[in-house]
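One structure, pasted below without further comment.
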Amino acid sequence: ELGEQELELHPSEGHTDDGMAVFAPWLGVLCVGDYLSDVELPVLGSLDPYRATLARLAPVVERASFVVPGHGSVLSRADALRILDEDLEYLDALEAGEERPRLPSGRDSARQRALHAENLAAAG
């Protein structure tokens, strides 16, 4: 509880085992930690839990006005849903073992390519 209001806590493993997303429904603000970044690719601890977290977050993002990731810009609902879809496409490419997948605009840099190589090694 936060005063008269209640926060919603949503488990978000996949990047870490103990991740947590926090939604303040009366404000329409969802804080997602290391998910849905417009500047970084997903950083995996484990692929299946990461997918499960994105699936659990999708309906919460639908209810939010703003999504606050741990890295990057505060996102509108529409931008957060777009990034969620891009992240799912990225996870598909990662699972398929693609060494050079198409990366989303704003996240196709030398640093993100190096991160992808680390993700490939961890997923393989």
Test side chain to side chain contact (heavy atoms under 4.5 Å, CB included) applied to Asp79 - qualifying residues, sequence neighbours left out: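 Side chain to side chain contact (heavy atoms under 4.5 Å, CB included) list for Asp79, sorted by chain: Leu75, Ser76, Arg82.
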What pairs of donor and acceptor atoms, side-chain ones from residues 112-124 against any protein atom, are under 3.5 angstrom apart with sequence neighbours left out?
{"from": "Gln112", "atom 1": "OE1", "to": "Leu41", "atom 2": "N", "distance (Å)": "2.7"}
{"from": "Arg113", "atom 1": "NE", "to": "Asp108", "atom 2": "OD1", "distance (Å)": "3.2"}
{"from": "Arg113", "atom 1": "NH1", "to": "Pro101", "atom 2": "O", "distance (Å)": "2.9"}
{"from": "Arg113", "atom 1": "NH2", "to": "Pro101", "atom 2": "O", "distance (Å)": "3.0"}
{"from": "Arg113", "atom 1": "NH2", "to": "Asp108", "atom 2": "OD1", "distance (Å)": "3.3"}
{"from": "His116", "atom 1": "ND1", "to": "Tyr90", "atom 2": "OH", "distance (Å)": "2.7"}
{"from": "His116", "atom 1": "NE2", "to": "Glu98", "atom 2": "O", "distance (Å)": "2.8"}
{"from": "Asn119", "atom 1": "OD1", "to": "Leu44", "atom 2": "N", "distance (Å)": "3.2"}
{"from": "Asn119", "atom 1": "ND2", "to": "Pro42", "atom 2": "O", "distance (Å)": "2.8"}
{"from": "Asn119", "atom 1": "ND2", "to": "Tyr90", "atom 2": "OH", "distance (Å)": "3.0"}

Non-neighbouring partners of Arg63 that pass side-chain hydrogen bond (donor to acceptor under 3.5 Å, both in side chains), sequence neighbours left out: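 With sequence neighbours excluded, Arg63 shows a side-chain hydrogen bond (donor to acceptor under 3.5 Å, both in side chains) to Glu8, given in chain and number order.
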Under the side chain to side chain contact (heavy atoms under 4.5 Å, CB included) test, residues paired with Thr16 that sit two or more places apart: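 Partners of Thr16 under the side chain to side chain contact (heavy atoms under 4.5 Å, CB included) test: Asp18.
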Counterpart residues, side chain to side chain contact (heavy atoms under 4.5 Å, CB included), relative to Ala24 (two or more places apart):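 Side chain to side chain contact (heavy atoms under 4.5 Å, CB included) list for Ala24, sorted by chain: Leu7, Trp26, Leu27.
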4.5 Å side-chain heavy-atom contact, Val32 and Leu57: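 Result yes, sub-4.5 Å side-chain heavy-atom pair found.
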Contacts of Arg77 that satisfy side-chain hydrogen bond (donor to acceptor under 3.5 Å, both in side chains) - sequence neighbours left out: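 Applying side-chain hydrogen bond (donor to acceptor under 3.5 Å, both in side chains) to Arg77 gives none.
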Residues forming a side-chain hydrogen bond (donor to acceptor under 3.5 Å, both in side chains) with Asp48, sequence neighbours excluded: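 With neighbours one apart ignored, the set is empty.
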Student check: side-chain heavy atoms of Arg107 and Asp87 closer than 4.5 Å: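 A side-chain contact exists here, since the closest heavy-atom pair is under 4.5 Å.
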Candidate pair Val74 and Val67, rule side-chain contact (heavy atoms from CB on, under 4.5 Å), full reasoning: CA-CA 6 Å; Val74 173; Val67 175; over 6 Å; no
Hydrophobic cluster membership, Leu84 vs Val60, 4.5 Å side-chain cutoff: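 Yes, Leu84 and Val60 fall within the same hydrophobic cluster.
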Close side-chain approach of Val22 and Leu9, heavy atoms under 4.5 Å: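 A side-chain contact under 4.5 Å exists here.
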Same cluster (ILVMFWY, side-chain, under 4.5 Å), Phe66 and Leu30: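 No, separate clusters.
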Side-chain heavy atoms of Val61 within contact of Leu36, under 4.5 Å: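 Answer yes - side chains close enough.
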Leu54 vs Leu91 side-chain heavy atoms within contact, under 4.5 Å: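 In short, these two side chains touch, coming nearer than 4.5 Å.
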Sequence neighbours excluded - salt bridge (charged side-chain N to carboxylate O under 4.0 Å, His left out) pairs with any residue from residues 51-61: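 Qualifying pairs, neighbours excluded: Glu13-Arg56, Arg51-Asp92, Arg51-Glu95.
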Qualifying side-chain hydrogen bond (donor to acceptor under 3.5 Å, both in side chains) pairs, either residue in residues 30-42, two or more places apart: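 Found His15-Asp34, Asp34-His71, Asp38-Ser73.
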OG-CG distance between Ser46 and Asp17, expressed to the nearest 0.5 angstrom: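 Nearest 0.5 Å value for the OG-CG distance: 8.0 Å.
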